Amino acid sequence: MRPLRPSSLSRDHFNRKVRVRGWVGDVRDKGRIVFFTLHDRQDWVQVVVKPPFIEHYRAIGGLRRLDAVIVEGNYLPSKIAKRGAELVAEKIEVLSRAAEKLPIDPTGRTPVELPKRLRYRILDLLSDRSRAIFKVQETVLWAVRTFMRKEGAIEVITPKIIGAATEGGADLFTFDYFGMRAFLAQSPQLYKEQLVIPFEKVYSIDTFFRAEEHSTSRHLNEFVSIDYEEAFADWRDVMVVLERLLKYICEKISEENEQELNTLGVKPWVPDLPLQRITFDEILDELKRRGVDVQPGKDIPPSALQALTKDLERAYFITEWPTELRPFYTKPCDDDPSHTESFDLNIGPIEVAGGSTRIHDPEVLARRIRECGLNPESFQTHLEVFRWGMPPHAGWAIGLSRLLMTLLELSNIREAVLFPRDRWSLIP
RNA sequence: GCCCCGGUGGUGUAGUCCGGUCUAGCAUCGGCGGCUGUCGCCCGCCGGACCCGGGUUCGAAUCCCGGCCGGGGCGCCA
């Protein structure tokens, strides 16, 4: 029979002989009596080693933190043990010995700075704080899939190895593909647009790559994007989908991750809908009123936005971005081609998602590609699809880790990625 | 690409401004010993560090120069 886990022990096991497996935690060696905690990744139980078994304990050389063991013994209620019960060991089987000296403290009690935590990430993930982040991430992923399925959207997987056609803009990683020049995809953009013809509503949760040499606490070169695209929809339609999804995610986190939020010191939060909507130009006007000038054709610097956040809701849309700041496939407004049917979703000063109505007319799209300094030739296989019944469509993309870092109030996106890839780090 | 800041035992820090009292303090950690009710156990002993090179000086962890490594910000960012 497989051994039990510490977290599965209950009153039903009182006064019975049980086998329990787990990792050794704190060891309190009193000489003729030894206590240690036995952990799984949810809970733990105290094990007591007493004579005559103490001799066997000495014979196996004792135990230390992180040893993987199976303990056999009686599970007894106890007035002294803080948990009200303890396991009295009669046999200990050592499955794996941990190193004498660990590079960082896996309990999280001794502080460790982020770069060292990432260098020794597996040990770092043993701390409650680090694991809490990724438990919440799991809730987010699950919530997205549940929500999308109810919406009637289908999850799609698009290529990461791509050929000539690129979007321009962000730098791509290049490499040799059997003698051909290939790129790592920076987004599923072109594919998800094409896929609305056969599927109408599509979404993807996938990893993408950007070769930009930035060095900030909110950029990485490998990141997970949650993408959505819908046929016969415009920007306003998909903004509603996005804000409903955000609310759904926040509700699920509040319901399912109370303990994790507590560990992270974060209060549950669910936004009221509709979210605040403010145009790009209104932001500029407000900044100008406060004496901050943003140069034309430039994005709003995070520092400027920071100054405004106390007058905005926690989550808000910035809409109708200047055409020059948006990629070629973004549809300009009918009454004002200098602005676009586009939006960003911000939480605090951080951009969490962006989206727009897309151009669906192949002639207009080809023109915009040229205007943006790109070669329509290299978009041939993309443009041809637009003659096969491409309806008006719109969509957006959420940066998964950006969302996580804002919801959990993390100061660095690296904390929200298991093994972050930035300009300087490839290992581990 | 540009700018700023920083490197002290395995980890986190004190000391650096204002050179000497530093054979570098504290906590954690590791080793050994002690303890039969601990629970972030406790007690005792021991171990382990000034990034590298050059300079100033009677004297450098501390000041200066160069290098290396790290962090942050800006720019860029469909």
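Note on naming: letters A, B, ... go to the chains in the order of the sequence lines (proteins, then strands), and numbering restarts at 1 for each one. For clarity, every value in this text was computed on a predicted model and none was experimentally measured. Quick note: numbers below take in every heavy atom, side chains included, and nothing from hydrogens, waters or symmetry partners.
Toward the 5' end of RNA chain B, the nearer of the two residues A:D422 and A:R64, judged by each one's closest nucleotide, is A:R64.
Remark: the separation of the C1' atoms in B:G12 and B:A49 is 13 Å, to the nearest Å. Look at the C1' atom in both B:A61 and B:U21: the space between them is 15 Å, to the nearest Å. Atom P of B:C52 sits at a distance of 31 Å from the matching atom of B:C45, rounded to the whole Å. Between B:C35 and B:U13, the distance separating the two P atoms is 38 Å to the nearest Å. B:A27 and B:C42 have their P atoms separated by 12 Å, with the value rounded to a whole Å.
Under the side-chain hydrogen bond (donor to acceptor under 3.5 Å, both in side chains) criterion, the residue pairs touching residues 413-422 of chain A are A:R117-A:E415, A:R129-A:E415, A:N412-A:R414, A:R414-A:D422, A:D422-A:S425, with sequence neighbours excluded. The salt bridge (Lys or Arg N to Asp or Glu O under 4.0 Å) contacts involving residues 67-78 of chain A comprise A:R19-A:E72, A:D67-A:R97, where partners must be two or more places apart or lie in separate chains.
For A:N15, the side chain to side chain contact (heavy atoms under 4.5 Å, CB included) partners at least two apart in sequence or on another chain are A:L76, A:P77. Legend: residues meeting side chain to side chain contact (heavy atoms under 4.5 Å, CB included) with A:T174, ordered by chain and number and at least two apart, are A:R181, A:F183. Among residues two or more places apart in sequence or in another chain, the side chain to side chain contact (heavy atoms under 4.5 Å, CB included) test is passed with A:E243 by A:V240, A:L273, A:P274, A:L275, A:R277, A:F317. By the side-chain hydrogen bond (donor to acceptor under 3.5 Å, both in side chains) test, A:E100 pairs with no residue at all, sequence neighbours left out. With sequence neighbours left out, A:V48 forms a side chain to side chain contact (heavy atoms under 4.5 Å, CB included) with A:I33, A:F35, A:K50, A:E86, A:V88.
For A:K30 against B:C41, a side-chain N or O and a base N or O form a donor-acceptor pair under 3.5 Å. At a cut-off of 3.5 angstrom, counting only N and O atoms as typed in the model, there is no donor on one side facing an acceptor on the other between the side-chain of A:R32 and the base of B:U36. With hydrogens and angles ignored, a donor-acceptor pair closer than 3.5 Å exists between the side chain of A:E86 and the base of B:G37.
Listed by residue number, A:Q46, A:K50, A:P51 are the residues of residues 37-57 of chain A with a heavy-atom contact under 4.0 Å to RNA chain B. Within residues 333-349 of chain A, no residue approaches RNA chain B, by heavy-atom distance under 4.0 Å. Within residues 114-129 of chain A, the residues that have a heavy atom under 4.0 Å from RNA chain B are, in order of number, A:P115, A:K116.
Close to B:G73, at under 4.0 Å from its OP1 or OP2, lies a side-chain N or O of A:S217.
Looking at heavy-atom distances under 4.0 Å, A:E351 makes no contact with the nucleic acid at all. Within the nucleic acid shown, A:D105 has no heavy atom closer than 4.0 Å to any nucleic acid atom. Among the atoms of the strands shown, none is found under 4.0 Å from any heavy atom of A:A397. Note on A:F36: nothing from the nucleic acid sits closer than 4.0 angstrom, heavy atoms only. In this structure, A:R218 reaches the sugar-phosphate backbone alone: every heavy-atom distance under 4.0 Å involves primed, P, OP1 or OP2 atoms, never a base.
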For RNA chain B, the dot-bracket pattern of Watson-Crick and G-U pairs whose distances stay under 3.5 Å, | for other-strand partners: (((((((..((((......[....))))((((((.......))))))...(((((..]....))))))))))))....
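Counting only heavy atoms from C-beta on, A:T216 has its side chain closest to B:G75 among B:U28, B:G75, B:C39. Comparing B:G12, B:U38, B:G75 by their nearest atom to the side chain of A:E113 picks out B:G12. The side chain of A:D26 approaches B:C41 more closely than any other nucleotide in the set B:G31, B:G12, B:C41. In the set B:G31, B:G1, B:C29, the nucleotide with an atom closest to the side chain of A:R423 is B:G1. Closest to the A:I33 side chain, of the nucleotides B:G10, B:C39, B:U36, is B:U36. For A:D29, the listed nucleotide lying nearest its side chain is B:C35; candidates were B:U38, B:C77, B:C35. Comparing B:C77, B:G47, B:G75 against the side chain of A:K101 picks out B:G47 as the nearest.
Between A:F379 and A:F328, the gap from one ring centroid to the other is short of 6.0 Å.
Between A:D344 and A:R326 a salt bridge is recorded (basic side-chain N to carboxylate O distance below 4.0 Å). Using a cut-off of 4.0 Å between Lys/Arg side-chain N and Asp/Glu carboxylate O, A:D128 and A:K135 are scored as not salt-bridged. A salt bridge is defined here as a Lys NZ or Arg NE, NH1 or NH2 lying under 4.0 Å from an Asp or Glu carboxylate O, and A:E193 with A:K331 fails to meet this definition.
For A:L220 and B:G71, the CG to P distance is 12 Å, given to the nearest whole Å.
In this structure, the separation between NE2 on A:H219 and OG on A:S401 is 13.0 Å, given to the nearest 0.5 Å.
The aromatic rings of A:Y57 and A:F36 lie parallel to each other, their planes meeting at an angle below 30°, with 60° marking the opposite boundary.
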Identify all side-chain donor-acceptor contacts of residues 194-201 of chain A below 3.5 Å with residues at least two apart in sequence or on another chain.
from, atom 1, to, atom 2, distance (Å)
A:Q194, NE2, A:H382, ND1, 2.9
A:K201, NZ, A:E151, O, 3.0

